[in-house]
2 protein chains.
Amino acid sequence: MTAATSAPADPHSSATNPRRRVGRPAAAVLDQAGITLAALQLIGKSGYDGFTMAALARTLNVAPSALYNHVSSKRDVLVLVQDHLTSFVDVAAFESGPWEQAVRDWAWSYRDVFSKHTPLIPVIAVLPVADAPRTLAMYEAVSAGFSRAGFPQERIIPAIVALESFIFGSAYDATAPADIFDSGSMASSTPNFTSAVQRLAEDSHEKPADVAFSLGLEALLAGLGALRTA
Amino acid sequence: MTAATSAPADPHSSATNPRRRVGRPAAAVLDQAGITLAALQLIGKSGYDGFTMAALARTLNVAPSALYNHVSSKRDVLVLVQDHLTSFVDVAAFESGPWEQAVRDWAWSYRDVFSKHTPLIPVIAVLPVADAPRTLAMYEAVSAGFSRAGFPQERIIPAIVALESFIFGSAYDATAPADIFDSGSMASSTPNFTSAVQRLAEDSHEKPADVAFSLGLEALLAGLGALRTA
DNA sequence: CATCATAAATGAACGTCATTCATTTAGTGG
DNA sequence: CCACTAAATGAATGACGTTCATTTATGATG
């Protein structure tokens with residue numbers, strides 16, 4: 001039933017793919033950068049459900065086992081993807097702009113990037129920074145910004161971690177279905193909650209996840225900003 | 001190699017298990033509550049890696065397929081577990097105490113419960129509240145507390161969502177390895193970050209995750225509290 | 001130029017899981 | 001007493017991640 005079964009003989013066949021060969025190719029077909037880009041494309045096209053080692057190998061015209069010459073596990077690929085995505089997070093304003101706006105830019109872009117990649121969050125959250133150079137570079141830029149803004153050294157990391165925790169949680173929230181708060185048949189037994197949900201729906205035309213993110217971020221900005229020694 | 005293989009014949013055998021039978025037993029062996037408790041025990045003993053439908057069935061002296069008469073998928077079991085765990089989250093103070101302390105109690109207990117169950121977070125974050133009655137009850141208690149504390153109706157849900165996002169993200173952070181911020185060989189190229197990490201380690205004797213959680217929570221309390229109309 | 005170690009690919013296993021299904025059985029309502 | 005049905009079995013299925021023996025082109029070495 002599989003493709004391999006229906007085209008059994010002749011591994012040199014150029015009918016299926018002119019570039020397919022056996023043994024070492026003219027130049028290495030694979031490397032980590034190529035795998036990362038292919039993974040990113042595949043995820044974009046098929047989502048994380050369709051993201052399997054077999055599917056990834058297929059887009060690279062390679063056998064699944066070939067991938068293991070360049071990465072040691074699927075998790076490894078996810079780490080590569082994560083680190084690549086981090087380069088799309090906007091830290092520019094930390095170099096010059098005012099602290100509050102820099103954090104705003106950073107936080108919104110960080111959330112937006114990873115709300116499309118929530119399956120990476122369990123990976124990031126526990127990943128030693130040394131394993132992801134671009135992620136480390138992001139932390140350096142952010143830390144520098146906090147330092148310049150007058151934060152006491154020992155508060156910088158906790159403040160960043162707190163913001164990041166909020167961002168990761170919010171990335172999940174941004175993917176929640178619109179009717180997540182519909183209490184259905186139990187509405188009558190939860191009057192306070194139900195009326196709060198209704199009032200939100202009536203009053204606001206923005207996406208609920210954006211309202212919550214904005215509210216929380218501004219609260220954190222105000223609270224954390226108070227730590228600065230001007 | 002499996003137990004089934006090594007004890008092939010006679011399903012009525014009482015040697016392996018005196019209670020094992022074929023067909024409908026005197027009373028149903030399984031129900032959702034029993035499955036939930038068994039799942040919780042299994043997770044406690046073997047973690048989420050060891051939590052498989054086969055392992056769950058084994059602890060219940062039942063074939064894996066039998067579970068599917070009571071739940072429709074493994075995810076279903078996770079939802080049941082999640083809802084059960086939610087009953088351990090402390091919402092008592094919302095009924096009487098001052099708002100700030102109620103939120104503190106709630107947030108810390110919420111984080112503590114789910115930091116031991118982070119694989120549930122992707123499930124919770126996207127789960128319609130109607131599918132988890134105890135979770136819905138928690139929201140009702142919290143909403144009531146916010147209402148009583150003088151929050152405008154349309155801000156209650158966003159405020160709760162913001163707090164919850166922070167709590168979920170912090171639950172992940174609480175499980176991170178201690179050396180997560182060790183920048184290793186790249187330390188010299190990230191001076192700001194590295195010195196901030198060092199200063200934190202020197203100054204604080206508490207767990208870094210707790211410092212960050214406290215810092216973020218107090219900032220959110222201050223910022224969100226300002227929304228109240230006394 | 002011959003040879004040789006090696007990087008890098010293949011494809012055929014494996015083992016683990018969740019899930020499905022035909023079948024069997026034992027209570028229960030008519 | 002009988003038909004219905006809830007609830008269990010265990011065998012089968014199909015993904016999927018990963019391993020491994022094997023093969024081969026390539027570049028370095030002599």
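Every chain is numbered from 1, with letters handed out A, B, ... down the list of sequences.
In this pair, B:Y172 and A:Y172 present their aromatic rings parallel. The plane angle is below 30°, not in the 30 to 60° band.
Taking the side-chain contact (heavy atoms from CB on, under 4.5 Å) definition, one finds that B:P208 meets it with B:L200, sequence neighbours left out. For the ring pair (Phe, Tyr, Trp, His ring centres under 6.0 Å) test, residues two or more places apart in sequence or in another chain that qualify with B:F146 are B:W99, B:F151. The side-chain contact (heavy atoms from CB on, under 4.5 Å) check on B:D76 picks up B:V71, B:S72, B:S73, with sequence neighbours excluded.
Computed from coordinates, the B:R75 CZ to C:dT19 C1' distance equals 16 Å when rounded to whole Å. Rounded to a whole Å, the CG atom of B:N61 is 12 Å from the P atom of D:dG10.
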Below 3.5 Å, can you tabulate the donor-acceptor pairs from side chains in residues 42-58 of chain A to any protein atom, sequence neighbours excluded?
unit_1 : atom_1 : unit_2 : atom_2 : d
A:Y48  : OH     : A:H117 : ND1    : 2.6
A:T52  : OG1    : A:A55  : N      : 3.0

For residues 127-142 of chain B, which side-chain donor-acceptor pairs fall under 3.5 Å, sequence neighbours excluded?
unit_1 : atom_1 : unit_2 : atom_2 : d
B:T135 : OG1    : B:Q82  : NE2    : 3.1
B:T135 : OG1    : B:D83  : OD1    : 2.9
B:T135 : OG1    : B:T86  : OG1    : 3.4
B:Y139 : OH     : B:E164 : OE1    : 3.0
B:Y139 : OH     : B:E164 : OE2    : 2.5
B:E140 : OE1    : A:N192 : N      : 3.2
B:E140 : OE1    : A:F193 : N      : 2.8
B:E140 : OE2    : A:N192 : N      : 3.2
B:E140 : OE2    : A:N192 : ND2    : 3.1

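Taking only distance into account, the side chain of A:N69 meets the base of C:dA9 through a donor-acceptor pair shorter than 3.5 Å.
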Table of protein N/O atoms under 3.5 Å from nucleotides 15-18 of chain C N/O atoms:
unit_1 : atom_1 : unit_2 : atom_2 : d
C:dA18 : OP1    : B:K74  : NZ     : 2.6
C:dA18 : OP2    : B:M53  : N      : 2.7

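Listed candidates were D:dT9, D:dT18, D:dA8. Nearest to the side chain of B:A63 is D:dT9.
Between B:H70 and the phosphate of D:dA8, there is a side-chain N or O to OP1/OP2 separation shorter than 4.0 Å.
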